[in-house]
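Below is one structure, written out as structure tokens, with a few remarks after it.
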Amino acid sequence: MTEANRLIRIGKINYTNVWPIYHHFPHSRFGGQLEWIETVPTGLNEAMRAGKIDMGAISSFAYGESFEEYDLYPDLSVSSANQVNSILLFHRMPLEELTQAKIALPTTSATSVNLLKILMTKFYGGSPEYEYAPPSLKDMMEHRDAALLIGDDAIRASWTDHPYLVTDLGELWRSSTGTGMTFAVWAVRKETVRQYPDTIADIHAAFMESKRKGTTDPSSIIAHAELKLGGTSNYWRNYFQHLNHDFGEEQQRGLRLYFQYARELGLLERDVPLQFWTDKTRVR
């Protein structure tokens, strides 16, 4: 790599759903040229928007809010064709009875929060009362009818002995729209692309290599998940099998529909184009 003016700052969502892309990243290839920043999706969204992070997995909704600042890495996402198993709504009554309910939302996500609002408004004609709360199922449900949890918080809650109905928002989106859902995209700040084109190309190639290894043989990722979060190897094998980390035509179609609905409901102020980074630094 030719650029070495400063470290490239890469954001990493601290949930297991991104592990198949990050787990085998060849860190040694880049020496000390990269800085890794790990936090919840909303933290990465804010840091990217403020220019404190150069690239990383951010909420799809956050891309929609600030798309003019970003390019998208092709072929990388956190998506599901149907159930996702880690975007879960816990509720006391059937969905059709939640139209005026009190629903607790996590402070950790933008895409999933707005996905729930789209589903409840567009497909159930509801206008629930939404309140933000720390991601604890017990506390969220103390004075409310439903609670949305995402990521590892949702997984852990699903393992507990609780009395609630559980709806997987990936599965609900699929049954409502016929498309899959993309929860996170890999974005790069346009300014960083201009300043460090060779490095950006090398990092994309490294992520693609890591994704190939992580999706072809997830055994080490499954073992790490068991060690860090608990659960069984069968659970984690099933979990990772239901995730999709591509970003092809099918994933793009679902995300465009999500952005369309968000725009129609006033959750986004503008139509959102999908703008992709292309490797113009290489002669192929």
Side-chain angles (χ1 to χ4, degrees), residues 15-17 40-42 59-61 78-184 229-232 235-236 238-239 242-243 254-255 257-268:
Y15 293 143
T16 51
N17 57 20
V40 296
T42 49
S59 297
S60 297
F61 188 82
V78 177
S79 301
S80 68
N82 201 315
Q83 66 191 89
V84 66
N85 295 305
S86 56
I87 313 291
L88 303 178
L89 182 69
F90 298 80
H91 44 110
R92 299 181 189 278
M93 57 199 80
L95 288 174
E96 56 270 19
E97 297 178 23
L98 293 176
T99 54
Q100 302 297 320
K102 289 186 176 180
I103 301 180
L105 302 175
T107 57
T108 50
S109 171
T111 300
S112 302
V113 161
N114 288 291
L115 176 61
L116 176 61
K117 292 178 179 179
I118 289 169
L119 290 165
M120 291 304 302
T121 302
K122 198 159 190 73
F123 298 101
Y124 289 88
S127 54
E129 178 183 338
Y130 297 105
E131 301 174 337
Y132 284 94
S136 161
L137 181 61
K138 180 181 178 182
D139 295 342
M140 294 171 94
M141 293 297 288
E142 190 169 351
H143 302 294
R144 300 179 183 93
D145 304 301
L148 177 66
L149 286 171
I150 73 161
D152 298 344
D153 297 315
I155 291 171
R156 290 189 185 98
S158 73
W159 291 343
T160 64
D161 183 16
H162 63 77
Y164 308 119
L165 300 169
V166 181
T167 296
D168 185 307
L169 292 199
E171 188 172 20
L172 184 60
W173 172 259
R174 181 75 188 196
S175 65
S176 300
T177 68
T179 71
M181 180 63 203
T182 293
F183 298 94
L229 279 88
T232 65
Y235 173 86
W236 289 111
N238 177 73
Y239 175 70
H242 278 90
L243 292 176
L255 186 55
L257 185 60
Y258 171 84
F259 286 146
Q260 176 189 323
Y261 288 160
R263 178 76 173 90
E264 290 174 0
L265 296 179
L267 301 172
L268 288 171

Donor-acceptor contact below 3.5 Å, side chain T111 vs main chain F183: yes

Nearest heavy-atom neighbours spanning I103 and R144: C-CD, 4.2 Å

L148 side, atom CG; H91 side, atom NE2 - distance, nearest 0.5 Å: 10.5 Å

Distance-minimising heavy-atom pair for T42 and T107: OG1-O, 3.0 Å

Nearest heavy-atom neighbours spanning L137 and A157: CD2-CB, 4.0 Å

Donor-acceptor side-chain pairing of Y258 and T182 below 3.5 angstrom: no

Backbone N/O of S80 and side chain of R174: donor-acceptor pair under 3.5 Å: no

Heavy-atom closest contact (P128 atom, G126 atom, distance): CD-C, 3.5 Å

Test item: V84 and N17 side chains (from C-beta on) under 4.5 Å apart, heavy atoms: no

Side-chain heavy-atom pair F90, T160 within 4.5 angstrom cut-off: no

Residue pair N238, N85: steps toward the side chain to side chain contact (heavy atoms under 4.5 Å, CB included) verdict: CA-CA 9 Å; N238 177 73; N85 295 305; 4.2 Å; yes

Flag, side chain of H162 to backbone of S158, donor-acceptor distance under 3.5 Å: no

pair K117-L105: side-chain heavy atoms closer than 4.5 Å: yes

Parallel, tilted or perpendicular: ring planes of Y239 versus W236, cut at 30 and 60 degrees: perpendicular

Heavy-atom side-chain contact between Y130 and L116 under 4.5 Å: yes

Check: Q100 and S127 side chains under 4.5 Å, non-hydrogen atoms: yes

Interatomic distance, N114 atom CG to Y261 atom OH [nearest 0.5 angstrom]: 15.5 Å

Partner set under salt bridge (Lys or Arg N to Asp or Glu O under 4.0 Å) for K122, not counting sequence neighbours: E264

Approximate separation, where rounding is to 0.5 Å, of L229 CG and D152 CG: 4.5 Å

Reported CG-to-OG distance for the pair L243 and S86, which is rounded to 0.5 angstrom: 6.0 Å

Whether W173 side chain and D168 backbone form a donor-acceptor pair below 3.5 Å: no

Heavy-atom closest pair, residues G254 and T179: CA-OG1, 3.6 Å

Distance, nearest 0.5 Å, that separates CE of M93 from CG of L98: 6.0 Å

Gap between atom CE of M140 and atom CG of L149 - 0.5 Å precision: 5.0 Å

Heavy-atom closest contact (S176 atom, L119 atom, distance): OG-CD2, 3.9 Å

Any donor-acceptor pair under 3.5 Å from S59 side chain to F61 backbone: no

